[in-house]
Chemist: 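Just dropping this structure here.
Atoms considered below: every heavy atom in the structure, side chains included; atoms not considered: hydrogens, waters and symmetry mates. Chain letters run A, B, ... following the sequence lines, proteins first, then strands; residues in each count from 1.
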There are 2 protein chains.
Amino acid sequence: MGKSGGKWMAFFRGRFLHSLDAKGRVAIPQRFRESLGGEEAEIRLVMSVDPEGCLVVYPEAVWRELEQKWEALPQMNDELKTYLRFMVGWASDGALDRQGRILVPPPLREYAGLDHEVWFVGVLQNFEIWNGERLEKATGSDRVRSVTQKLSGLF
Amino acid sequence: MGKSGGKWMAFFRGRFLHSLDAKGRVAIPQRFRESLGGEEAEIRLVMSVDPEGCLVVYPEAVWRELEQKWEALPQMNDELKTYLRFMVGWASDGALDRQGRILVPPPLREYAGLDHEVWFVGVLQNFEIWNGERLEKATGSDRVRSVTQKLSGLF
DNA sequence: TGATTAGTGGGGAAAAGTGGGGGAAAGTGG
DNA sequence: CCACTTTCCCCCACTTTTCCCCACTAATCA
């Protein structure tokens, strides 16, 4: 589900505030769970490269497409290796538990600065998990407005 | 319905004062409901980028066209990511309930400064939901006049 | 002035999110 | 190979949110 003509459809939208409990679990928003393909969905949890780090969650199928692109590249390339060490080296595969929650491994939690309150943000093909202050900084209206100016010619 | 020769027709016009109840619900004006395509219409509720933020409501089909444009762009681009985090990250998908109301999620309500009284404003292909004072500021006659000057060459 | 239609408000069932107890499974050290 | 600890994940209980249904008011129109 979710495929259409070999390309993924736009799926994840909106933001949701959830809480990471003492055991490191967070519930995935119900809307997102549906888009992931229900109960036994597989996901990949990785670190974002942006200055304000967040975590990025990919449906398994979307992630696999990325991996295929990487595999097609010349493997001796040092820059690619550095990139993969980061992207793949930290990637955690997991599934949802019966209550629709995932477990965020401590290193990832720390990287993204996640404490009790976390924001889920949908960005079409995948979604992100943010610390509140970082998200605010990353989506501050000044920043967004200047970006919008630049992109507005495109559509 | 709604389409004509691949381009959307102008649909939403006028302003209406409605009230947001304690549960965060507002009735969509009947005129707008018809243009949305009746009872089981799907909508997208998003944030505007303007300094005085309001909410923007798109018929599902109009919004999807936007998303398709975004998906066609290179996804690694940082500026696009920032843009999507704002546009898509605030987008809430929803449907009308049996009384023709929508539920405005708390984060959006807060961002747009909506309390009990809200204004609906039609702007052709979509419509907006405003806090009264903000709307007044955004449509002050001085402001409108200066904008009109700038645009006067175009039509 | 009754009838129809739009908007408003609230009760209540169902669904979604939260937190903790405890057993299974995996990892660690003798 | 066997304790012992740690991690994970199931189940259950509780709270909050969402969304159905129904009933009331206001406005419109013949």
Chemist: Rounding to an integer number of Å, can you tell me how far Phe16(B) CZ sits from dA26(D) C1'?
Modeler: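 Those two atoms, CZ and C1', are 16 Å apart.
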Chemist: Using the six-membered ring wherever Trp is involved, compare the ring planes of Trp70(B) and Tyr83(B) and label them parallel, tilted or perpendicular (cut-offs 30° and 60°).
Modeler: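 Correct class here is perpendicular.
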Chemist: Nearest whole Å is fine: how far is dA13(D) P from Gln99(A) CD?
Modeler: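 The distance from CD of Gln99(A) to P of dA13(D) comes to 13 Å, rounded to the nearest Å.
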Chemist: Quick check: are there more than 12 heavy atoms from other residues, nucleotides or ligands sitting under 6.0 Å from CD of Gln75(A)?
Modeler: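 Above 12, so yes.
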Chemist: Taking CD in Gln99(B) as the centre, count heavy atoms belonging to other residues, nucleotides or ligands within less than 6.0 Å. Is the count above 12?
Modeler: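 Correct, the count exceeds 12.
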Chemist: Taking any heavy-atom pair under 4.0 Å as a contact, classify Arg33(B): base, sugar-phosphate, or nothing.
Modeler: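 It contacts sugar-phosphate atoms only.
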Chemist: Can you spot which of Phe120(A), Phe32(A), Phe127(A), Trp119(A) makes a ring-ring contact (aromatic ring centres under 6.0 Å, His included) with Phe16(A)?
Modeler: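 The passing option is Phe32(A).
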Chemist: What range of DNA chain C does chain A touch, first nucleotide to last, counting atoms under 4.0 Å from its heavy atoms?
Modeler: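 Listing 5' to 3', DNA chain C meets chain A from dA16(C) to dG22(C).
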Chemist: Starting from P on dA27(D), measure out to CG on Leu17(B) and report it in whole angstrom.
Modeler: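 Rounded to the whole Å, the gap is 12 Å.
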Chemist: Given that Gln30(B) and Arg101(B) both sit by DNA chain C, which one's nearest nucleotide is further toward the 5' end?
Modeler: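 Per heavy-atom nearest nucleotide, the more 5' residue is Gln30(B).
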Chemist: Within a 6.0 Å radius of atom CD on Glu117(A), are there more than 12 heavy atoms belonging to other residues, nucleotides or ligands?
Modeler: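 No, because the 6.0 Å sphere around CD of Glu117(A) holds 12 heavy atoms or fewer from other groups.
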Chemist: With heavy atoms under 4.0 Å as the rule, sort Leu20(A) into base, sugar-phosphate or nothing.
Modeler: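 No contact at all - Leu20(A) keeps every heavy atom at 4.0 Å or more from the nucleic acid.
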Chemist: Round to the nearest Å and state the distance from Asp97(B) atom CG to dT17(D) atom P.
Modeler: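 Computing the Asp97(B):CG to dT17(D):P distance gives 18 Å.
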Chemist: Could you say whether Leu103(B) or Leu96(A) is positioned toward the 5' end of DNA chain D, judged by the nucleotide with the nearest heavy atom to each?
Modeler: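 On the 5' side of the pair lies Leu96(A).
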Chemist: In whole angstroms, how far is the C1' atom of dC8(D) from the CZ atom of Arg109(A)?
Modeler: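 From Arg109(A) CZ to dC8(D) C1': 13 Å.
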Chemist: Check the phosphate of dC21(D) against Arg98(B), side-chain N and O only, distance under 4.0 Å to OP1 or OP2. Yes or no?
Modeler: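 Result: yes.
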Chemist: Rounding to an integer number of Å, can you tell me how far Asp21(B) CG sits from dC24(D) P?
Modeler: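 Nearest whole value for this atom pair: 18 Å.
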Chemist: Across all strands shown, which nucleotide pairs with dA3(C) by Watson-Crick or G-U wobble geometry, both distances under 3.5 Å?
Modeler: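 Pairing partner, where one exists within any strand: dT28(D).
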Chemist: Please check if the side chain of Tyr58(A) supplies one atom and the backbone of Arg64(A) the other of a donor-acceptor pair under 3.5 Å.
Modeler: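 No, because the side chain of Tyr58(A) does not come within donor-acceptor range (under 3.5 Å) of the backbone of Arg64(A).
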Chemist: Return a table of donor-acceptor pairs under 3.5 angstrom between the side chains of residues 144-155 of chain B and protein atoms on other chains or two or more places apart.
Modeler:
| from | atom 1 | to | atom 2 | distance (Å) |
| --- | --- | --- | --- | --- |
| Ser146(B) | OG | Arg143(B) | O | 3.2 |
| Thr148(B) | OG1 | Val144(B) | O | 2.6 |
| Ser152(B) | OG | Gln149(B) | O | 2.7 |

